[in-house]
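Notes follow once the structure below has been shown.
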Amino acid sequence: MRCLPLSLVFSFLLFIELLLPFSIQRSTPKLLCSYRNKKKKKGDKRGKAVKVEAFCCAATEMVGKDNLRAEDLNLCFERLMMVAGSGNSEKGVNLKVGVITEWKDIPVELLMQILSLVDDQTVITASGVCRGWRDAIYFGLARLSLSWCSKNMNSLVLSLVPKFTKLQTLILRQDKPQLEDKAVETIAECCHELQILDLSKSFKLTDRSLYAIALGCRELTKLNISGCSAFSDSALAYLASFCRKLKVLNLCGCVRAASDTALQAIGQYCNQLQSLNLGWCDNVGDVGVTTLAYGCPDLRIVDLCGCVRITDDSVIALANRCPHLRSLGLYYCKNITDRAMYSLAHSKVNNRISVKGGNDEDGLRTLNISQCTALTPSAVQAVCDSFPSLHTCSGRHSLIMSGCLNLTSVHCACAVHAHRAFTHFPHPAH
């Protein structure tokens with residue numbers, strides 16, 4: 001990377017500051033103020049400061065535009081160059097040799113650093129400035145989110161994704177379903193280095209998308225397909241057999257895809273899995289969860305909220321086979337009884353043995369047993385006593401028991417101490 005004048009670097013920071021919406025400005029103003037203060041200490045003339053302020057006013061007019069164009073960026077750049085070069089020439093555009101005078105002169109490293117400060121819409125706009133910028137962005141951008149696109153996301157994916165071949169993270173979360181199978185197939189064909197993919201609420205997608213992802217995105221470590229209700233369990237099982245590096249999988253609301261058959265495939269192939277969300281997947285049963293527990297011993301977060309078919313056997317399997325379990329959601333699992341709670345309480349021994357240098361922070365840190373009305377206070381209290389990180393006290397609720405009126409006597413250690421301190425505090429009248 002060529003050596004850049006410090007003044008020009010800060011000028012570019014100023015330029016980006018002006019393009020950013022005011023609500024997402026970061027530390028750039030502090031850097032600029034620091035730089036300006038240093039310049040003042042050196043006795044810089046006020047004339048240049050006035051020109052900088054004039055540039056600020058001119059460029060600020062562009063902030064907040066809905067459709068920022070390449071022409072707008074060019075205009076901003078020209079005014080920026082006049083400011084940056086005002087100390088070198090009368091016109092301010094003929095800078096010394098080796099200093100940036102055009103868009104294409106910006107080194108790739110600096111360009112990518114600048115683009116890391118702006119939103120994805122600006123990145124896409126910047127790719128149209130010139131060929132050098134376009135190539136640099138296409139081959140250098142690793143993360144892209146199009147969740148801001150409320151219309152025509154499908155067309156945008158089809159046009160952009162083939163150019164962003166080095167993407168590792170792609171966020172396509174939608175409020176209204178827009179994506180279609182062809183767009184996902186294009187992603188799978190072009191983005192073979194993809195590690196994180198979010199397709200949540202893509203109601204239009206079918207099994208074609210999962211088959212394409214399985215064949216083209218085998219490096220995936222995190223996949224969110226929550227709310228994709230059209231996927232089948234056979235397609236999900238197929239994906240699991242190819243995407244074996246998955247660590248985080250969100251299947252919340254995938255009522256057809258999340259079944260015992262699919263979980264058996266996940267347990268067989270995705271042995272590195274650490275987080276699994278099966279919320280409201282009412283086809284999930286003990287067979288699937290048990291197989292998952294045996295096949296994925298590194299599970300740390302498991303959400304089974306609304307899985308009405310599971311029983312104590314599922315919880316016992318997780319307690320005995322997943323020593324790193326930290327968060328468990330059992331909301332509305334009405335078949336869970338004290339047997340499951342006592343199994344969790346006794347699993348703390350397994351945690352301490354399996355984790356070298358274990359301490360009181362090992363074991364469960366979050367447990368949701370809301371609406372599990374078959375549980376008794378003694379069993380839940382045993383769990384709370386075994387895991388110091390579970391709290392029922394105000395402001396620290398990590399043991400969630402809403403809807404279980406018979407569990408009001410269950411308290412964590414700190415809540416008990418606080419209660420005792422309050423009851424033993426002498427009354428002012430005495």
Side chains of S202 and C228: does their closest heavy-atom pair fall under 4.5 Å?
yes
Output all residues satisfying salt bridge (Lys or Arg N to Asp or Glu O under 4.0 Å) with D313, sequence neighbours left out; order by chain, then residue number.
R339
Assess whether side chain to side chain contact (heavy atoms under 4.5 Å, CB included) is satisfied between M153 and Q174, documenting all intermediate values.
CA-CA 9 Å; M153 180 188 286; Q174 306 154 76; 3.7 Å; yes
Sequence neighbours excluded, every pair satisfying ring-ring contact (aromatic ring centres under 6.0 Å, His included) that has a member inside residues 390-410
none
Which heavy-atom pair separates I266 from C296 by the least distance, and what is that distance?
O-SG, 4.0 Å
Are any non-hydrogen side-chain atoms of R396 and C414 less than 4.5 angstrom apart?
yes
In this structure, are over 12 heavy atoms from other groups packed under 6.0 Å from K334 atom NZ?
yes
The single option from L170, N250, L210, L205 that satisfies side chain to side chain contact (heavy atoms under 4.5 Å, CB included) with L199 is L205
I want to check something: taking the side chain as every heavy atom from C-beta on, are Y332 and V308 in contact at a cut-off of under 4.5 Å?
yes
Where do I400 and L367 land on the side chain to side chain contact (heavy atoms under 4.5 Å, CB included) test, with the steps shown first?
CA-CA 6 Å; I400 307 168; L367 177 62; over 6 Å; no
Non-hydrogen side-chain atoms of V289 and L318 separated by less than 4.5 Å:
yes
Is there a side chain to side chain donor-acceptor pair (under 3.5 Å) between S155 and N152 once you walk through the steps?
CA-CA 5 Å; S155 300; N152 302 318; 5.0 Å; no
Please find the pair of heavy atoms, one from S409 and one from P377, that lie closest to each other, and give the distance.
OG-CB, 3.5 Å
Can you confirm if the NZ or CZ of R321 lies within 45° of the ring axis of Y294 and under 6.0 Å from the centre of its six-membered ring?
yes
Could you note down all residue pairs passing salt bridge (charged side-chain N to carboxylate O under 4.0 Å, His left out) where residues 132-155 supplies at least one of them, sequence neighbours left out?
R131-D135
Let's go through I196 and L223 carefully: what are the C-alpha distance in whole Å and the side-chain angles of both, what is the deciding distance for side chain to side chain contact (heavy atoms under 4.5 Å, CB included) to 0.1 Å, and is it a yes or a no?
CA-CA 6 Å; I196 300 175; L223 176 63; over 6 Å; no
Any idea which heavy atoms bring C270 and A240 closest together, and the distance?
SG-O, 3.8 Å
Non-hydrogen side-chain atoms of I301 and L325 separated by less than 4.5 Å
no
Can you check whether G216's main-chain N or O pairs, donor with acceptor, with R218's side chain at less than 3.5 Å?
no
Which pairs pass ring-ring contact (aromatic ring centres under 6.0 Å, His included) with one or both residues in residues 135-181, sequence neighbours excluded?
Y138-F164
Applied to residues 260-280, the ring-ring contact (aromatic ring centres under 6.0 Å, His included) test, sequence neighbours excluded, yields W280-Y331
Closest non-hydrogen atoms of D312 and A340, given as atom of the first, atom of the second and distance, are OD1-CB, 3.3 Å
What verdict does the side chain to side chain donor-acceptor pair (under 3.5 Å) test give for Q381 and D385, after you've listed the backbone C-alpha separation in whole Å, the side-chain angles of each residue and the deciding distance to 0.1 Å?
CA-CA 6 Å; Q381 187 65 60; D385 293 341; 2.9 Å; yes
Could you walk me through whether I213 and L194 pass side chain to side chain contact (heavy atoms under 4.5 Å, CB included), step by step?
CA-CA 10 Å; I213 294 171; L194 207 59; over 6 Å; no
Heavy-atom side-chain contact between M401 and L399 under 4.5 Å:
yes
Any side-chain heavy-atom pair of C252 and D303 under 4.5 Å:
no
Quick check against the 3.5 Å criterion: does D120 have a side-chain atom that pairs as donor or acceptor with the backbone of L144?
no
Full working for side chain to side chain donor-acceptor pair (under 3.5 Å) between N335 and T311:
CA-CA 5 Å; N335 293 322; T311 69; over 6 Å; no
Pairs flagged by ring-ring contact (aromatic ring centres under 6.0 Å, His included) wherever residues 184-224 is involved - sequence neighbours left out
Y211-Y238
Does I137 offer a backbone N or O that forms a donor-acceptor pair with the side chain of S127 under 3.5 Å?
no
Here the pair of heavy atoms bringing Q178 nearest to K204 is O-CD, 4.3 Å
Do I124 and L146 have side-chain heavy atoms sitting under 4.5 Å apart?
yes
Output, in order, the C-alpha distance, side-chain angles, deciding distance and verdict of side chain to side chain donor-acceptor pair (under 3.5 Å) for S259 and N283.
CA-CA 5 Å; S259 68; N283 286 326; over 6 Å; no
Which of V315, N368, I310 passes side chain to side chain contact (heavy atoms under 4.5 Å, CB included) with L304? Answer is I310
Heavy-atom pair of closest approach, residues L375 and L407:
O-CD2, 3.7 Å
